[in-house]
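All values reported here derive from a predicted model rather than from experimental measurement. Here is the naming used below: chain letters follow the sequence lines, and residue numbers restart at 1 for every chain.
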Amino acid sequence: MPWLEKPFFEHPTLDLAGMLLGKIFVRRLECGLELRGRIVETEAYLGRGDEACHAWRGRTERNAMMFAEPGRLYVYFTYGNHYMLNIVSEPESIAGAVLIRAMEPVSGNSFMQDRRSTTLFTNLMSGPGKLTQAMAIDRSCNGRSLFDGEFSMETSLELPPEAIGTSTRVGITRSRNLPWRKFIIGNLHVSKAKVSG
DNA sequence: AGCGTGATCTTT
DNA sequence: AAGATCACGCTG
């Protein structure tokens with residue numbers, strides 16, 4: 001399948017979040033092994049007017065990559081345990097990114113099972129912290145480009161619009177009313193929203 | 001439902 | 001310098 005070039009990532013962040021559903025995120029390891037996952041859940045984050053966005057008050061050392069040109073990876077560490085994978089969007093100097101929240105494993109299954117210490121298919125990449133662990137993505141991946149050979153994004157069959165669901169974002173406290181989460185309806189790898197009450 | 005875990009950011 | 005927060009996952 002052809003890989004997506006820079007113009008694809010130049011779409012507005014809110015559009016890109018939906019357009020990334022169904023696409024295949026690829027990592028080629030030094031040893032030759034290819035890890036592939038089909039994106040099934042995303043969230044949009046924008047610097048302006050979005051208090052849940054790391055960059056809402058401007059540039060810091062951590063969030064600097066959100067201001068880079070589209071098509072780079074923004075990877076950060078949180079909760080003392082987990083790395084989060086984002087695809088940078090918006091033109092250079094404007095903060096924006098799409099958080100990859102869940103993927104369906106496509107290849108590299110045994111590597112992922114090893115990393116995750118489980119064989120359960122639906123527990124390999126069904127959350128933002130899980131998928132980075134499965135694909136061995138850490139802070140050293142921050143700033144890497146999707147056009148340099150190691151990482152890439154491949155096209156796939158188009159999803160019909162009715163397959164895409166929308167909701168508010170998961171796990172945030174500020175700006176929680178914005179409907180900036182996108183997911184493939186009924187997909188078994190979509191992360192479980194925490195039920196409150 | 002509760003807690004581990006540590007970097008980052010805000011407030012003193 | 002100290003305190004609060006955190007785009008989460010695991011065990012109960």
Whole-Å distance separating the [atom1] atom of [X] from the [atom2] atom of [N]:
{"X": "A/Met84", "N": "B/dT5", "atom1": "CE", "atom2": "P", "result": "17 Å"}
{"X": "A/Trp56", "N": "B/dC9", "atom1": "CH2", "atom2": "C1'", "result": "12 Å"}
{"X": "A/Met66", "N": "C/dA7", "atom1": "CE", "atom2": "P", "result": "11 Å"}
{"X": "A/Glu41", "N": "C/dC8", "atom1": "CD", "atom2": "P", "result": "10 Å"}
{"X": "A/Glu51", "N": "B/dT10", "atom1": "CD", "atom2": "P", "result": "12 Å"}
{"X": "A/Tyr83", "N": "C/dG9", "atom1": "OH", "atom2": "P", "result": "14 Å"}
{"X": "A/His82", "N": "B/dG6", "atom1": "NE2", "atom2": "C1'", "result": "11 Å"}

Select one nucleotide: of [options], the one nearest the side-chain heavy atoms of [X].
{"X": "A/Ile172", "options": "C/dA7, C/dC6, B/dC9", "result": "C/dA7"}
{"X": "A/Tyr45", "options": "B/dG4, C/dA7, C/dC10", "result": "C/dA7"}
{"X": "A/Arg139", "options": "C/dA7, B/dT8, B/dG4", "result": "B/dT8"}
{"X": "A/Lys130", "options": "C/dA7, C/dG9, B/dT10", "result": "C/dG9"}
{"X": "A/Asn81", "options": "C/dA7, B/dC9, B/dG4", "result": "B/dG4"}

Going through the distances and angles, do A/Arg28 and A/Glu34 end up as a salt bridge (Lys or Arg N to Asp or Glu O under 4.0 Å)? CA-CA 5 Å; A/Arg28 299 170 190 80; A/Glu34 288 198 347; 3.4 Å; yes
Between [N] and [X], is there an OP1 or OP2 to side-chain N/O distance shorter than 4.0 Å?
{"X": "A/His54", "N": "C/dA7", "value": "yes"}
{"X": "A/Arg101", "N": "C/dA7", "value": "no"}
{"X": "A/Thr78", "N": "B/dA7", "value": "no"}

What does [X] touch in the nucleic acid at a heavy-atom separation under 4.0 angstrom: a base, only the sugar-phosphate, or nothing?
{"X": "A/Arg62", "answer": "sugar-phosphate"}
{"X": "A/Gly129", "answer": "sugar-phosphate"}
{"X": "A/Arg174", "answer": "sugar-phosphate"}

Please confirm whether A/Tyr45 and A/His54 have ring centers closer than 6.0 angstrom.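 No; A/His54 has its ring centre 6.0 Å or more from that of A/Tyr45.
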Is the gap between the ring centers of A/Phe9 and A/Phe147 under 6.0 Å?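 Close enough - the centres of the two rings lie under 6.0 Å apart.
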Any cation-pi pair here, A/Arg144 with A/Phe151, using under 6.0 Å and within 45°?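 So A/Arg144 doesn't make the cation-pi contact.
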Can a cation-pi geometry be assigned to A/Arg72 and A/Tyr74, taking NZ or CZ under 6.0 Å from the six-membered ring centre and within 45° of the ring axis?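 No cation-pi geometry.
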Base paired to C/dC6 (Watson-Crick or G-U; both N/O distances under 3.5 angstrom):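 Check on C/dC6: paired to B/dG6, both distances under 3.5 Å.
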Side-chain heavy-atom pair A/Arg176, A/Thr168 within 4.5 angstrom cut-off: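 Answer no - side chains too far apart.
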Measure the distance between the ring centre of A/Phe77 and the centre of the six-membered base ring of B/dA7, then answer whether it is under 5.5 Å with planes under 30°.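 Stacking is absent between B/dA7 and A/Phe77, given that the ring centres and planes do not meet under 5.5 Å and under 30°.
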Quiz item: A/Tyr79 side-chain donor-acceptor pair to B/dA7 base, under 3.5 Å: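 No pair found.
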